[in-house]
Amino acid sequence: MKAKVHVTLKPGVLDPQGKAVAHALDALGFSGVHGVRQGKFIEIDLGDQDPGGAQARVDAMCRQLLANTVIEDYAIDIVD
Amino acid sequence: MKAKVHVTLKPGVLDPQGKAVAHALDALGFSGVHGVRQGKFIEIDLGDQDPGGAQARVDAMCRQLLANTVIEDYAIDIVD
Amino acid sequence: MHAAVIVFPGSNCDRDVAVALTQATGRAPLMLWHRETEVPPLDLIVVPGGFSYGDYLRAGALAAHSPVVREVKARAAKGVPVLGICNGFQVLCEAGMLPGVLMRNAGLRFVCKDVWLRVENAATPFTRGYRSGQVVRMPIAHNDGNYYADATTLDKLEGEGRIVFRYCHADGRVDDAANPNGAQRGIAGIADGRGSVLGMMPHPERAADASLGGTDGRTMFQSLLTVLA
Amino acid sequence: MNDPATVTAEMVADHGLSPDEYDRILTILGRPPSFTELGIFSVMWSEHCSYKSSKRWLRLLPTSAPWVICGPGENAGVVDIGDGLAAIFKMESHNHPSYIEPYQGAATGVGGILRDVFTMGARPIANLNVLRFGSPDHPKTRHLVAGVVAGIGGYGNCVGVPTVGGECTFHPGYDGNILVNAMTVGLARADRIFYSAAAGIGAPVVYVGSKTGRDGIHGATMASAEFSDDTEEKRPTVQVGDPFTEKLLIEACLELMATDVIVAIQDMGAAGLTSSSFEMASKGGLGIELDLDRVPVREAGMTAYEMLLSESQERMLMVLKPGREGVAEAIFRKWELDFAVIGNTTDTGRMVARHQGRVVVDVPIDPLAKASPEYDRPLADPPGPAPLAATAVPASADPLEALPRLLGSPDLSAKRWVWEQYDHMVMADTVQRPGGDAAVVRVHGTGKGLAMTCDCTPRYCLADPVEGGRQAVAEAWRNLTAAGAKPLAVTDCLNFGSPERPAIMGQFAGCIRGMAEACSALAFPVVSGNVSFYNETNGVAIPPAPSIGGIGLIDDLDRMATPGFRAAGEAIVLIGGDPAPTGGWLGQSLFLREIAGLEAGAPPPVDLEGERRTGDFVRSLIAAGRVVTCHDISDGGLLVAVAEMALAGNIGAALTVPPSLAEPLAWLFGEDQGRYLVTVPQDSVAGLLAGAEAAGVTALAIGTTGGDRLTLGPDGAISLAFLREAHEAWLPRFMAISAARLA
Ligand SMILES: Nc1ncnc2c1ncn2[C@@H]1O[C@H](COP(=O)(O)OP(=O)(O)O)[C@@H](O)[C@H]1O
Ligand SMILES: [Mg+2]
């Protein structure tokens with residue numbers, strides 16, 4: 001079983017990397033890019049565990065470590 | 001229209017970050033984590049453009065900038 | 001003065017700050033390995049610079065969960081001064097001991113150079129040796145020094161005099177051109193509510209020896225000595 | 001995935017082995033090799049590991065001096081620096097990986113050279129790097145500069161070793177083949193140096209560090225039909241560095257080295273487990289048995305071939321004293337690193353490896369290591385440089401118009417953009433930061449300093465390899481001297497095209513001859529180094545670039561010189577060079593290239609006797625405290641050197657062109673060798689000139705410091721602010737357009 005976690009910056013939080021990427025895309029000639037936000041995509045291999053518990057466990061991982069909830073949101077997707 | 005891009009390390013490529021995160025999760029008492037891989041999740045606001053061209057344009061962005069195709073794979077999802 | 005320097009896997013300014021402390025106080029600090037949970041009585045705790053756990057995930061994030069950090073928090077709560085330098089600042093923010101977070105430099109590049117700092121609060125135990133408004137020079141060396149907090153928090157920091165250092169020009173002017181990393185309001189260092197926890201991106205320990213190019217940082221260690229001796 | 005059962009001629013060719021070499025394998029083994037054994041022969045006999053084309057030439061280099069503790073042959077060279085301490089240092093190339101993947105290629109280059117140095121018991125105290133990129137106009141250049149510089153910084157900054165110096169130049173000759181040479185300097189106790197020769201029978205062979213993955217496995221193996229379609233997927237040829245693990249490995253190894261349990265230690269570099277185990281066994285005259293099932297692996301199902309040839313980073317191999325494994329294991333566990341006893345030494349002189357119950361390798365050690373092939377490749381003497389036509393020099397050029405153009409040209413422009421991305425101050429001992437001549441790092445806890453520099457002028461080497469080889473060594477020696485250091489020894493990284501072409505072997509042999517002469521004349525032996533051949537694209541070789549890394553010792557840091565002017569009103573004195581200021585050497589000069597658009601002529605000759613006399617004199621002035629401001633004259637010539645001193649000190653100068661010169665251009669921009677600029681108070685000039693004369697060295701007062709401009713003769717001046725803008729702006733402006741990849 002796997003968890004796919006998206007960690008993204010909260011709306012309103014400045015994203016220096018996203019901004020720089022948007023800039024770079026523009027410099028490369030990709031016009032019309034209105035904005036870029038960069039986040040993390042974390043895949044966790046959970047071995048075999050029951051899916052119910054998994055969601056809660058991964059939620060705890062996110063709160064404690066994977067996301068900095070001062071600036072980041074997270075979304076969890078349990079798959080197998 | 002938006003593009004959601006997942007950039008992940010190719011299989012077999014060492015992921016020092018993922019390794020360290022797995023280690024840390026274990027130290028925090030989350031047992032049974034078999035492995036962690038860390039990638040990037042990039043959201044691009046494309047304004048209004050036709051979805052067909054968008055896919056190709058974002059593909060070019062990935063090859064030229066967003067992904068390092070020597071060691072990374074990418075996947076594109078165009079949404080609106 | 002009994003000082004301790006925390007050593008995480010990946011800390012790399014631990015020796016530098018120990019040397020500066022020894023020179024300023026005449027006494028070598030205790031080097032505390034991050035797994036340590038038994039900590040003797042201390043007058044000062046320094047969380048040094050470096051790349052704890054490689055700065056993987058987020059700078060300072062993995063170190064913030066080390067066993068010793070729990071102890072650091074407990075001591076800080078009792079008023080023991082805690083100084084976080086560079087990576088140490090990042091750790092203190094990630095551990096929730098200071099508000100906000102240090103994001104990737106706006107220029108997306110590592111920056112190592114001397115910068116000018118304006119001392120905004122000379123009343124903390126760390127800065128008592130400076131004059132308020134004094135301009136000092138210290139090196140920075142970081143990838144993630146772009147201080148971010150929401151406007152409410154920033155206003156609160158400002159209102160409570162908790163912004164301790166700001167990046168500035170040699171003449172003390174603060175503006176974007178003097179800001180090396182995009183930090184909000186030019187913030188280079190902040191303190192907690194009582195002023196006894198200080199986090200700062202610049203490296204005072206690298207400016208504590210004339211042959212390294214400056215001694216403005218030594219004042220900080222000397223301040224601590226006068227306050228804590 | 002299984003390895004093929006029999007070896008075909010195609011596989012042999014794919015492994016880069018010649019038919020002759022394969023015959024030799026058949027003779028050595030008395031049977032055909034297994035696929036795994038073929039892989040082993042292939043890497044052990046590769047140019048990189050065996051030095052088969054360069055060995056006989058490298059023997060020309062002088063390698064000893066009373067202060068040399070260990071010359072070439074070990075992981076790094078070792079020199080005595082007094083007080084019971086030794087400096088350990090080496091340089092290595094990571095050219096091809098950095099071209100393919102600039103960030104990781106450069107990063108792992110730094111990681112590899114660090115391991116070479118701490119393997120020997122040294123704490124690394126400084127990194128340097130030589131970077132040669134293609135033309136700024138080439139579409140790939142920006143991307144390569146951005147990635148390489150970020151990669152070097154990313155690794156060095158994280159391990160906490162300051163990156164204090166190097167070179168960074170641009171030339172279309174490197175468009176398809178950039179150079180990334182990394183150098184590390186370390187410090188150890190002179191009586192605690194660790195070597196790679198195994199000793200004792202039945203001693204445990206121990207693997208520590210990171211796990212083994214399928215990184216960087218010899219690309220040649222892909223051809224075999226027996227591999228499944230996703231072979232390429234499973235075997236990324238690019239290694240990813242993990243500087244955090246390297247930092248732990250440094251600390252763990254140094255902690256273990258403080259005990260007495262290590263017999264021999266060797267990092268796993270190129271050809272990983274194979275070359276490290278052969279090296280240790282061969283040096284000790286022993287055999288080794290490996291149990292590959294015990295190798296810590298990152299992925300399931302790895303074959304013996306993959307485990308033996310993997311170039312995963314951050315790994316070390318050690319032979320320990322029997323029964324002391326526990327001491328070592330406790331230390332590596334504390335640092336959260338892998339630790340495994342994977343074999344033992346034997347008295348058979350053979351390498352035997354078992355995997356899943358089968359013997360997969362059984363080969364004699366020596367023929368693969370010590371007795372590997374050696375070639376005397378045919379060489380063609382390079383054509384001499386075309387003489388410089390008198391009309392080539394634009395006599396009408398205005399020197400003060402040429403100066404900012406030169407200072408703002410890619411090669412002479414400030415490299416601040418580069419070194420501000422390197423933590424050059426961590427460890428709090430950097431007493432001369434990047435931007436001057438040599439960098440100087442204090443020997444921790446003492447008043448001594450180690451000066452270090454990297455130098456080479458490829459355009460000279462291309463025009464005249466022997467002269468270019470001499471000059472590269474002399475320039476390094478000069479840069480150390482300019483800081484007040486006594487030059488001690490050299491590490492080199494010899495970057496050339498294909499040795500299979502006589503013209504390239506001619507360049508190689510010529511450069512070595514020149515280097516050897518200079519090293520002997522200057523008592524500056526070569527103690528370590530690296531050869532990188534096959535630097536070419538589509539049959540066109542790079543301009544030859546034997547990078548020289550030099551280190552020197554400053555006994556008393558209070559007696560050190562720096563290039564920036566320190567006070568106004570001081571006399572500027574030119575020391576060394578031709579006795580009469582009759583002109584200057586413009587052949588192959590940057591003035592000629594940047595202003596006249598010509599790469600032509602012979603390079604300036606190096607007079608090694610004069611070089612030594614002049615340098616010894618300058619050093620004596622610094623040691624006596626009579627000179628604290630000193631800069632050597634190199635690229636760009638005299639006027640550029642004066643401008644660099646003015647910019648570094650933010651103090652201007654007024655120069656007097658010798659009245660005997662009708663035409664000052666050659667004097668101002670000629671790149672005559674063996675020269676320094678110093679400043680002294682006016683009342684010391686006479687004494688200085690007299691001292692020079694007594695020492696048989698030419699010296700000439702050429703101007704005075706002061707003001708905020710550079711003044712030339714009665715009617716020309718240029719402001720420092722303008723020069724600074726020209727000097728500092730080029731690289732940041734060039735890179736501003738770059739699209740930094742996401743980290
Ligand atoms: N790649 C680099 N990394 C670090 N420092 C560099 C690099 N390239 C140039 N520098 C620094 O810039 C300064 C000027 O370099 P260079 O012109 O090659 O010096 P020199 O002519 O004295 O050999 C030196 O201090 C050198 O160490
Ligand atoms: Mg020089």
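Per chain, numbering begins at 1; letters A, B, ... match sequence-line order.
In this structure, A/K2 NZ and B/R37 CZ are separated by 9.0 Å, a value rounded to the nearest 0.5 Å.
With a 4.5 Å cut-off on side-chain heavy atoms, B/H6 and A/H6 count as touching. Proximity of A/E43 to B/T8: side-chain heavy atoms (C-beta onward) are separated by under 4.5 Å at one or more points. A 4.5 Å side-chain heavy-atom check between A/I42 and B/V36 finds at least one atom pair inside the cut-off. Residues B/K40 and A/K40 form no side-chain contact, since every pair of their non-hydrogen atoms from C-beta on lies 4.5 Å or further apart.
Applying the ring-ring contact (aromatic ring centres under 6.0 Å, His included) rule to B/H23 yields no partners; only residues at least two apart in sequence or on another chain are considered.
Of residues 60-76 of chain A, those residues lying under 4.5 Å from chain B by any heavy-atom pair are A/A60, A/M61, A/Q64, A/L65, A/L66.
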